[in-house]
Structures are given as structure tokens and as C-alpha cells.
Amino acid sequence: MHAGVLAGLAGGVAVLALTVPASAFNSGTDPDTYYGDQIASMNLHRVWLGEEGRAFESVDGFTRRMPDDEFDDQVMQLVNRYREDRGLGPAQDYEPLRTQSAMWSNRVADAGGYIIDPWYTLDARVVCHQLKDIFSVSSATQGSPQDVFDSWLSQPGAVTGLTTPDPVYLGSATVEDGGFRWVTLRIARGACPGQPDKVSGPEPELPAPDLSTRAGGNDIEVVVQRQGNSQLVYEVQWFNGSYWSLGRASFTEPGKRTLVSDLLPGQYRVVVPSQSGYGAAISETITVS
């Protein structure tokens, strides 16, 4: 195991140091349901990123152990107590981000320690394309949530991540295997679907671009007529039944017809994000069958 990726193995009997009156996390009991949508959307995201020259690697290959809600509730309580003591607001629990943490904990448990995945940070944008400043840390322990948290505080990089400025979302996931608890924490800034948008900023003062789309087969034609010297970026987002996920971000020239090809069946939309004071443009939902 490599220090800094897996914090030290804390010895001792598992003793839960805290109690939580109401569960922040609720993973349920069916692993196929819990992981299914995330696996599908992350695989789709990796396929699209593969067009940029990266080798596609499926995320399917891990043992689907369910995360420990009680242990993770207490980890989150420790994180938020630490943040409160430093004048920061609490991290909001975000179950989709936690599901990704659980996938990583399972993969590390399967490997028995250190693994490398160049997609790891990019995958976070699947649950919410607005996430940024994404911080992750993993540990293995035979002890308590307090043991895990103390091991993180011994790492300067982890301390910086735990004090990420408001507002932040958190997903902590712990799975058990081989006498150890394998813990992953992901924390990130952003404004995510289903959560209050607390990211403030100036309202757009300039008009949104003209955006037109046309579907044909499993392709979408995109034309962006910008209003200024920005607005060259557009996103293709995919709806998985609960939230919109980033599929692809690309550049286009003003007025040029760009073809987004070989889409899998599903619901999509095209978004030109707000840029340089110009408003955002969002297409109608497009169904690819």
C-alpha cells in the first residue's frame, strides 16, 4: 500500500465513537439497483472521453458490497464538526457522489490496497457536471470512524481538502472485506441537481446565444450562433432518469454545423453554459431511440 493514498491501517477493535440521530445516507439493500445507474452513466462517459485518445476502461469489474450507512454517517459528522470549528459551513450529503465513493472503496478492497485510475476525478462530473475542486482520500482501518479521520488529519493534502470553501457536497462510503473497513471520502464544490444552488455570482447581463439542434437517427446536429467573443463551448448532457449528467463537452465555430454522432438510446439535451456575462442556452430534450 502507498501512504497518502491509503492512510495507515489503524489497529484495534471497531468502536463507533459517535451516534447519529438521523441517517444522512441511505443506501438501501439492493446492490444492483444502488450501483446500476452510476455504472451505466460512468461507462458512457468514459466511452465519450475515449474519443479524445484515452483507452476506454469499464467500471463494471468490482465486487458490489453495500456501504455501511452508520459508519459513513459518523465520518460525515466528524468532517462537519471539523469544518464548523474552522468557521466553515457543513458539507451536504450527496448520495450519487457517495455511490462513486463506494465503487472506489470496493475496487480498492478487491485489490487489497493501492490502485491507479486516471479517470477517477473525471468520473465525478457524471453525477453533477457542475462539480469542481474535487478532493478524494481513501483509507483502510480495523478501527473506528475517529481512527479514520485522525489518519486523514496527518496528511496535509487531506486537511486542505477537508477545509474546501463553501458550499461543498460530500460522499463517504465504507465497505468491509478481509477484516478491514475500506473507506473513501469525496468532497467537491458545486451546485448539484436536487440540491439548493448556493453558488452565487452575477446575473447574466448579455443575451444567450442562438442554439439550434436537430436529431437524426442516433446523431444530433448542433449549431451555435454566439452573441459575443465567448460561447464557443457546448455540452451534450444525458438524462438517466434522476439527473442530467455530462456526456461530452466540445468547442464549435460560430454558425458551424457540428454533428454529435453514435449516441446510445436515451434522452439528451445540448447546453451552452453561461460565459463572460452571456446567458446560457438549453435545447429541448432530444430522444434518441
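Please read these numbers as outputs of a predicted model, since none were measured by experiment.
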Does any part of the side chain of [Y], heavy atoms only, come nearer than 4.5 Å to the side chain of [X], both counted from C-beta?
{"X": "R83", "Y": "V168", "result": "yes"}
{"X": "T99", "Y": "Y34", "result": "yes"}
{"X": "D85", "Y": "R81", "result": "yes"}
{"X": "M103", "Y": "R64", "result": "no"}
{"X": "D147", "Y": "S144", "result": "yes"}
{"X": "T287", "Y": "Y268", "result": "no"}
{"X": "M66", "Y": "P31", "result": "yes"}
{"X": "V175", "Y": "D68", "result": "no"}

Between the side chains of [X] and [Y], does any donor sit under 3.5 Å from an acceptor?
{"X": "W152", "Y": "S139", "answer": "yes"}
{"X": "T174", "Y": "D72", "answer": "yes"}
{"X": "D110", "Y": "T63", "answer": "yes"}

**OP:** Go through the steps for V288 and L264 under the test side chain to side chain contact (heavy atoms under 4.5 Å, CB included), then give the verdict.
**Re:** CA-CA 7 Å; V288 173; L264 297 176; over 6 Å; no
Distance in Å, [X] [atom1] paired with [Y] [atom2], rounded so as to fall on 0.5 Å steps:
{"X": "D123", "Y": "N43", "atom1": "CG", "atom2": "CG", "result": "9.0 Å"}
{"X": "Q237", "Y": "S283", "atom1": "CD", "atom2": "OG", "result": "9.0 Å"}
{"X": "D177", "Y": "N106", "atom1": "CG", "atom2": "CG", "result": "8.5 Å"}
{"X": "L170", "Y": "D93", "atom1": "CG", "atom2": "CG", "result": "8.0 Å"}
{"X": "T285", "Y": "Q267", "atom1": "OG1", "atom2": "CD", "result": "6.0 Å"}
{"X": "L78", "Y": "D73", "atom1": "CG", "atom2": "CG", "result": "11.0 Å"}

State, to 0.1 Å, how close [X] and [Y] come at their nearest heavy-atom pair, and which atoms those are.
{"X": "G255", "Y": "Q225", "answer": "CA-NE2, 3.4 Å"}
{"X": "T163", "Y": "V159", "answer": "OG1-O, 2.9 Å"}
{"X": "S172", "Y": "L185", "answer": "CB-CD1, 3.9 Å"}
{"X": "L97", "Y": "A124", "answer": "CD1-CB, 4.5 Å"}

Original post:
With sequence neighbours excluded, what pairs up with F62 under the ring pair (Phe, Tyr, Trp, His ring centres under 6.0 Å) test?
Top reply: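 Y35.
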Original post:
According to the interplanar angle, ranging from 0 to 90°, do the rings of Y169 and Y94 count as parallel (below 30°), tilted (30 to 60°) or perpendicular (above 60°)?
Top reply: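 If you compare the ring of Y169 with that of Y94, the planes turn out tilted.
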Any chain of hydrophobic side-chain contacts (each under 4.5 Å) joining [X] to [Y]?
{"X": "V271", "Y": "I286", "answer": "no"}
{"X": "Y82", "Y": "M76", "answer": "yes"}
{"X": "L263", "Y": "W238", "answer": "yes"}
{"X": "V224", "Y": "L259", "answer": "no"}
{"X": "I187", "Y": "V137", "answer": "yes"}

**OP:** Just jot down the side-chain contact (heavy atoms from CB on, under 4.5 Å) partners of T184, sequence neighbours excluded, or say none.
**Re:**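 Scan of T184 (side-chain contact (heavy atoms from CB on, under 4.5 Å), adjacent residues dropped) gives S101, W104, S105, Y120, S138, R186.
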**OP:** Determine, step by step, whether T258 and V223 satisfy the side chain to side chain contact (heavy atoms under 4.5 Å, CB included) criterion, reporting the C-alpha distance in whole Å, the side-chain angles of both residues, the deciding distance to 0.1 Å, and the verdict.
**Re:** CA-CA 6 Å; T258 303; V223 180; over 6 Å; no
Is there a donor-acceptor pair under 3.5 Å between the side chain of [X] and the backbone N or O of [Y]?
{"X": "R269", "Y": "E235", "value": "no"}
{"X": "D219", "Y": "D262", "value": "yes"}
{"X": "R189", "Y": "I134", "value": "no"}
{"X": "R181", "Y": "E176", "value": "no"}

Original post:
For R98 and E95, what are the C-alpha separation, side-chain angles and deciding distance, and is it a salt bridge (charged side-chain N to carboxylate O under 4.0 Å, His left out)?
Top reply: CA-CA 5 Å; R98 183 188 184 223; E95 194 70 43; 3.1 Å; yes
**OP:** Would you please test D166 and L88 for side chain to side chain contact (heavy atoms under 4.5 Å, CB included) and show each step?
**Re:** CA-CA 7 Å; D166 303 329; L88 296 167; 4.1 Å; yes
Subject >> side chain to side chain contact (heavy atoms under 4.5 Å, CB included) assessment of V260 paired with Y234 >> reply: CA-CA 11 Å; V260 182; Y234 70 90; 3.8 Å; yes
